[in-house]
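Structure first, commentary second.
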Amino acid sequence: MKRALITGITGQDGAYLAQLLLAKGYTVFGLVRRSSTAEGAALRLRWLGIAEQVTLLDGDLTDLGSLLRVVAEAAPDEIYNLAAQSFVKTSFHQPHLTGEVTALGAGQMLEALRLQAPRARFYQASSSEMFGLVQATPQSETTPFYPRSPYAVSKLYAHWMAVNYRESFGLHINSGILFNHESPLRGLEFVTRKITDGVARIKLGLARELVLGNLEAQRDWGHARDYVRAMWLMLQQDKPQDFVIATGRTASVQDFCALAFGHVGLNWQDHVTTNPAFLRPAEVDVLTGDAAKARRLLGWVPEISLEQMVAEMVEADLARLAAPGG
Ligand code: NDP
Ligand code: GDR
């Protein structure tokens, strides 16, 4: 029976990945940081009904000692480093913290791998945000990077550290350059979930409008369940390497609104307003990924369409808000 350690297990991807690995018969350990509301920490794991099936170990990406202890305790065959300060807007307000967690924290995990579990296979959660001001379209593993936020700069540091540790120490380290992926477990601050939650509130008469920022931004949106499968596939390969994971289809925030409001028979133009408070100092205008390498070497293709995902997210938010205490 294989053993896996997931940092960021309480986040969107961590929860879906834990579910996938449990279904494959893994023993799953998760790194969890201390919080004053401990009961809220496993919210997503409970939503998936797997909270009791994983072992949570306390530690923090910024505390190397805790990572060494956790890796020793989990004795993992596979490590998935998903923990990060992952919200781009916040990274402009807290650039130093973002660097400490998202950049240096990843470096600490690589050290923990090297010192404590050098035979384990390692996944680093890299991001399409590293392409930022895109230098070519679509973006593949060979497209030059141009990060546009402290978050993206931090991810780029982590990505190059992953590559460097692979080349320097011969470790099985893979960097997955994943484009945006969403689900009913997406944090409410991200635009897709903010929209589907807003649609559900408006439909149920709990709100009248939805206030957004840049409606013109375009993203290549996939489903988190499809994307965690790609993470696992990467670690099953004999040769560690980097992969772009994307659908190849780009839609605007406006398009996403049209789909989500349309799902409940509403017209988005009647409800969406904009406020500069939701704009960023520097924006990533448009991203489109080319996942041909993953298709070729991993046999990975996305199975859930944008329309199916939007419908699932809106329905989940309607159900959540209609539930007692929702
Ligand atoms: P989330 O924001 O949902 O989850 C982030 C996780 O990191 C949470 O479990 C959080 O814990 C944990 N975390 C934050 N800071 C620390 C810390 N100092 N020590 C330990 N754990 C910490 O992110 P996603 O699940 O959406 O994304 C997973 C990873 O993939 C992230 O690294 C993200 O940057 C990257 N990524 C995501 C993409 C996407 O579209 N979702 C695309 C490309 C990359 P807590 O619950 O306590 O806050
Ligand atoms: P992103 O996701 O920055 O791409 O990072 P987010 O959903 O926050 O923004 C996507 C685009 O929508 C525009 N936008 C808004 N965004 C938010 N959050 N709120 C709004 O009201 C709003 N209005 C318009 C944004 O300006 C942006 O252009 C996500 C994160 O998961 C990262 O961790 C990950 O690395 C990348 O995806 C790939």
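Atoms within each ligand, like the ligands themselves, are counted from 1 in listed order. Positions are given from 1 along the sequence.
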If we number the atoms of ligand 2 from 1 as shown, the ones under 4.0 Å from a heavy atom of Glu283 are 25 (C), 26 (O), 27 (C), 28 (O)

min-distance protein heavy atom vs atom 23 (N) of ligand 2 -> Gly213 N, 2.8 Å

The protein heavy atom nearest to atom 48 (O) of ligand 1 is Arg33 NH2, 2.8 Å

Going by distance only, is there an N or O of Arg44 that falls short of 3.5 Å from an N or O of ligand 1? no

When rounded to the nearest 0.5 Å, the distance separating CE of Met231 from CG of Leu233 is 11.5 Å

Near Ala217 (heavy-atom distance under 4.0 Å), the atoms of ligand 2 are 28 (O)

With heavy atoms and a 4.0 Å threshold, my read on which part of Lys155 contacts ligand 2 is neither

Atom 2 (O) of ligand 1: of Ser35, Ser86, Ala42, Ser126, the nearest heavy atom sits on Ser86

Stepwise side-chain hydrogen bond (donor to acceptor under 3.5 Å, both in side chains) check, Gln236 with Glu78:
CA-CA 10 Å; Gln236 309 318 305; Glu78 297 174 5; 3.1 Å; yes

*asked:* For Phe145 together with Phe131, are the ring centres under 6.0 Å from each other?
replied: yes

Honestly, for Gln254 the part within reach of ligand 2 (heavy atoms, under 4.0 Å) is neither

Check: When you look at Glu312 and Arg186, which way does the salt bridge (charged side-chain N to carboxylate O under 4.0 Å, His left out) test go after all the steps?
Finding: CA-CA 12 Å; Glu312 183 192 349; Arg186 187 56 141 154; over 6 Å; no

Decide whether Thr288 and Thr250 meet the rule of one side-chain donor and one side-chain acceptor closer than 3.5 Å.
-> yes

Here the atoms of ligand 1 under 4.0 Å from any heavy atom belonging to Ser127 are 43 (C), 44 (C)

Please determine if Arg280 has a nitrogen or oxygen closer than 3.5 Å to a nitrogen or oxygen of ligand 2. yes

d(Asp255 CG, Leu306 CG) to nearest 0.5 Å is 8.5 Å

Heavy-atom proximity to atom 29 (C) of ligand 2 ranks first, among Ile195, Val88, Asn180, Asp13, for Asn180

Salt bridge (charged side-chain N to carboxylate O under 4.0 Å, His left out) test vs Glu129 passes for just one of Arg219, Lys89, Arg148, namely Arg219

| query | Between Leu215 and ligand 2, does any nitrogen or oxygen pair lie at a separation below 3.5 Å? | reply | no

Under 4.0 Å between heavy atoms, the region of Lys194 that gets near ligand 2 turns out to be side chain

Closest to atom 14 (C) of ligand 1 (heavy atoms only, candidates Ser91, Ala84, Ala246, Ala83) is Ala84

shortest atom 27 (C) of ligand 2-to-protein heavy-atom contact is with Arg219 NH2, 3.4 Å

Separation between CG (Asn81) and OH (Tyr123), nearest 0.5 Å, reads 10.0 Å

Of Tyr80, Tyr151, Phe179, Phe87, the one whose closest heavy atom lies nearest atom 33 (C) of ligand 1 is Tyr151

Heavy atoms of Ala4 and Leu21 approach each other most closely as CB-CD1, 3.6 Å

Of all protein heavy atoms, the one nearest atom 18 (N) of ligand 2 is Glu189 O, 2.9 Å

In ligand 2, the atoms that come under 4.0 Å of a heavy atom of Ser127 are 34 (C), 35 (O), 36 (C), 38 (C)

Point to revise | Short N-O contact, Asp317 and Arg193, less than 4.0 angstrom | key: yes

of all protein heavy atoms, closest to atom 25 (O) of ligand 1 is Asp13 N, 2.8 Å

Under 3.5 Å between any N/O of Trp221 and any N/O of ligand 2: does that happen in this structure? no

Counting heavy atoms under 4.0 Å, the part of Leu212 that contacts ligand 2 is both

d(Gln85 CD, Ser154 OG) to nearest 0.5 Å is 8.5 Å

Atoms of ligand 2 under 4.0 Å from any heavy atom of Phe87, numbered from 1 in the order shown, are 8 (O), 18 (N)

- [ ] Look only at interatomic distance and state if His181 has a nitrogen or oxygen under 3.5 Å from any nitrogen or oxygen of ligand 1.
- [x] yes

For Ser128, the ligand 2 atoms with a heavy-atom partner under 4.0 Å come out as 38 (C)

- Compute both the distance and the angle, then confirm whether Lys2 meets the cation-pi test with Tyr26: under 6.0 Å from the six-membered ring centre, within 45 degrees of the axis. no

A student checking ligand 2 against Ser86 at a 4.0 Å heavy-atom cut-off should list atoms 30 (C), 32 (C), 33 (O)

Ala103 and Ala158 have their tightest heavy-atom pair at O-CB, 4.4 Å

Where the side chain of Asn174 meets the backbone of Gln241, is there a donor-acceptor pair that is under 3.5 Å apart?
yes

Quick note on ligand 2: atoms under 4.0 Å from a heavy atom of Arg186 include exactly 29 (C), 30 (C), 31 (O), 37 (O)

Report yes if some N/O of Asn180 lies less than 3.5 Å from some N/O of ligand 1; otherwise report no.
no

Ranking Arg219, Gln108, Arg186, Glu129 by closest non-hydrogen atom to atom 41 (N) of ligand 1, top hit is Arg186

Looking at Leu82, Thr10, Ile9, the heavy atom closest to atom 9 (O) of ligand 1 belongs to Thr10

Between the NZ atom in Lys203 and the OG1 atom in Thr196, the distance rounded to the nearest 0.5 Å is 15.0 Å

Worksheet entry | side chain to side chain contact (heavy atoms under 4.5 Å, CB included) assessment of Trp300 paired with Trp232 | CA-CA 11 Å; Trp300 179 87; Trp232 176 77; over 6 Å; no

closest protein heavy atom to atom 19 (N) of ligand 1 is Leu61 N, 3.0 Å

Note: Leu61 and Ala106 closest approach over all heavy atoms is CD2-N, 4.3 Å

Here the atoms of ligand 1 under 4.0 Å from any heavy atom belonging to Gly11 are 3 (O), 4 (O), 8 (C), 9 (O), 25 (O)

By side chain to side chain donor-acceptor pair (under 3.5 Å), Glu111 pairs with (sequence neighbours left out) Arg114, Tyr165

- Looking only at distances, please establish whether an N/O atom of ligand 2 is found under 3.5 Å from an N/O atom of Tyr151. yes

Contact region, Val191 to ligand 2, non-hydrogen atoms below 4.0 Å, reads both

query = For Thr62, is at least one N or O under 3.5 Å away from an N or O on ligand 1?
reply = no

Exercise for review: Mark the output for Val101 as yes if a heavy-atom distance to ligand 1 is under 4.0 Å, and as no if none is.
Suggested key: yes

**Prompt:** Any donor-acceptor pair under 3.5 Å linking the side chain of Arg201 with the backbone of Ala207?
**Reply:** no

N or O pair under 3.5 Å between Asp60 and ligand 1: yes

